[in-house]
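Let me begin by presenting the structure, written as structure tokens, before commenting on it.
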Amino acid sequence: METSETFIDSLLRQLPFDIGTDEFVQNPYRFYDEARRASGPVHRTPSGDVVVLGYFEARAVLSDPRFGHGARTAQDRTGYGVPARTFLLTDPPGHTRQRERVRRAFTAREMLSLRRRIGDVAAGLVREAARSGTADVVADVARPLSARVVGDLIGVPEDLRDRFAQAAALLVRGMDPPGLIAPDTRERIARARVWLARDIGAALRRPAGAGILRALARGADGRPARAETVATCAQLVAAGYETTVGLIGNGMHALLQHPDQLAWLTAGGHSEQACAAAVEELLRYDPPIQLAPRCALVDADIAGTPVPRGTVVFVLLGAANRDPRAFPEPHRLRLDRQPRHLAFGLGAHYCLGAALSRLEATAALTHLLARRPRPTGHPVSYSPARIARSIQSLHVRLDPAEGPRGSVAAER
């Protein structure tokens, strides 16, 4: 069985373009287009593995039970310092059992109860950030909002939340091929894995457990399931925190880059409903996760391309969401679309926290738009991560007070 490092390293060698360049970090979509023009929607690598660049082909793979995580994409060690496999890296029937235990924290009733708190937290963060007239959308709004929400949902004690947030950002960086990560950063990632496992374990020992920690603290047979709980919560922290940060930062940047769409969104009032609809196109346009690896669990095929059992399939979500066959003018942000994007995946492994991420992004955008965000001229750069995609810092000018509904927010 391959280790997770050798599997991730193989990603760097298999893709039909070089993900190690700064140009790829700034704009991967140009590389996706070139590869799709050269190879079509399905690309066979020299070693026999498959890269999926097309929307319809990606939907087929993600929704097909013949493709899962398997031995090559889900290792016995989770990468978080705990020798246990979690539902995020397993296939049915084990996946179904574990996912159901976590799903209880993401029911519609639970999301409704969180909605008001998320709105209140977002409003307070934006209000504080706007006091000076300028703010960093990522540092002042996206990161603290995501940290508080994930902390509440999982049941992270207040005194551990800052360290959880720091560890989450590092663990997402650790999804990349090790050869693309500086040695000192790899050391920090390793330390973060230890912190997170230790702190989740400490939270489990507290008598007043809450959130997902409480739901997972005992296995299906009623006995303690500490190792599985620590591993699952560690992965949920990393996935839930950084993905939402990326969605908010990427989304706000896309709006600033398309002033006509920003004006269109605010012309009828920066309502929560309008922002919720806009989030779907923002997810299509620049999704916070670019890759979903799968493995053929049996002999299968993708659009007529034979895929023998054991073949690794790299589903490029960012490429699929910009497939011109599915989305006219794919490189243009159009908020009047109702896109059936793949930013959260599809099928059995559809992102469990998708509804929560949408709520957070909607709340953040609603309150930011009420302050008429405008560019400041500061350069914008993306995180060096390749699999996850997020803005590192996004400075905007904000009005100290909320404007009236329908105010135009597209000034330059």
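On a predicted model such as this, the values are computed, not experimentally measured, just so you know. Positions are given from 1, in the same order as the sequence printed here.
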**Message:** For the backbone of Ile391 and the side chain of Asn250, can you confirm whether one donor and one acceptor N or O come within less than 3.5 Å of each other?
**Reply:** yes
**Prompt:** Quick check: does any side chain N or O of Asp140 sit under 3.5 Å from a backbone N or O of Asp136, one acting as donor and the other as acceptor?
**Reply:** yes
**Item:** Carboxylate-amine/guanidinium contact Arg115 Glu360, below 4.0 Å
**Value:** no
**Asked** Quick check: are there more than 12 heavy atoms from other residues, nucleotides or ligands sitting under 6.0 Å from CZ of Arg340?
**Response** no
**Asp399/Arg374 salt bridge by N-O under 4.0 Å criterion** = yes
**Asked** Quick one: which of Leu346, Val307, Val315, Val50 gives a side chain to side chain contact (heavy atoms under 4.5 Å, CB included) with Val61?
**Response** Val315
**Prompt:** Between Thr266 and Leu262, is there a donor-acceptor pair closer than 3.5 Å when you use the side chain of the first and the backbone of the second?
**Reply:** yes
**Request:** Verify, without hydrogens or angle tests, whether Arg386 (side chain) and Pro384 (backbone) share a donor-acceptor contact under 3.5 angstrom.
**Result:** yes
**Prompt:** Hey, what do you get for CZ (Arg131) to CG (Leu398), rounding to the nearest 0.5 Å?
**Reply:** 13.0 Å
**Asked** Would you say the side chain of Thr243 lies within less than 4.5 Å of the side chain of Ile289, judging by non-hydrogen atoms?
**Response** yes
**Prompt:** So, Arg334 and Glu281, do they make that salt bridge, N to O below 4.0 Å?
**Reply:** no
**Message:** Rounded to the nearest 0.5 Å, what separates atom OG1 in Thr362 from atom CD1 in Ile118?
**Reply:** 9.5 Å
**Item:** Charged N-O contact under 4.0 Å between Asp33 and Arg322
**Value:** no
**Request:** In plain terms, say whether Glu280 and Arg358 are close enough for a salt bridge, that is, a side-chain N and a carboxylate O under 4.0 Å apart.
**Result:** yes
**Message:** Please report the interatomic distance OG(Ser357) to CG(Leu283), rounded to the nearest 0.5 Å.
**Reply:** 7.0 Å
**Request:** Mark yes or no for whether Arg397, through its side chain, and Pro375, through its backbone, hold a donor-acceptor pair below 3.5 Å.
**Result:** yes
**Prompt:** Do Arg143 side-chain atoms and Val138 backbone N/O form a donor-acceptor pair below 3.5 Å?
**Reply:** no
**Message:** Just verifying a value: how many Å separate His331 NE2 and Tyr32 OH, rounded to the nearest 0.5 Å?
**Reply:** 11.5 Å
**Complete:** Contacts satisfying ring pair (Phe, Tyr, Trp, His ring centres under 6.0 Å) that involve residues 112-150 (not counting sequence neighbours) are none
**Request:** May I ask you to check whether Tyr285 and His341 place their ring centres under 6.0 Å from each other?
**Result:** no
**Message:** With a sphere of 6.0 Å drawn around CD of Gln273, does it hold more than 12 non-hydrogen atoms of other residues, nucleotides or ligands?
**Reply:** no
**Request:** Rounded to the nearest 0.5 Å, what's the gap from CZ on Phe31 to CG on Leu53? Could you check?
**Result:** 13.5 Å
**Check: Arg389 side chain, Gln290 main-chain N or O, donor-acceptor pair, under 3.5 Å** = no
**Request:** Kindly indicate, with the supporting measurements, whether the criterion side chain to side chain donor-acceptor pair (under 3.5 Å) is fulfilled by Tyr382 and Asp22.
**Result:** CA-CA 10 Å; Tyr382 281 84; Asp22 290 339; over 6 Å; no
**Message:** Using side chain to side chain contact (heavy atoms under 4.5 Å, CB included), reason through Ile302 and Phe67 one step at a time and then give a plain yes or no.
**Reply:** CA-CA 10 Å; Ile302 304 172; Phe67 297 95; 3.8 Å; yes
**Prompt:** Is the Lys NZ or Arg CZ of Arg284 less than 6.0 Å from the centre of Phe327's six-membered ring, within 45° of the axis?
**Reply:** yes
**Prompt:** Say you draw a straight line from CG of Leu256 to OG1 of Thr376; how long is it, rounded to the nearest 0.5 Å?
**Reply:** 9.0 Å
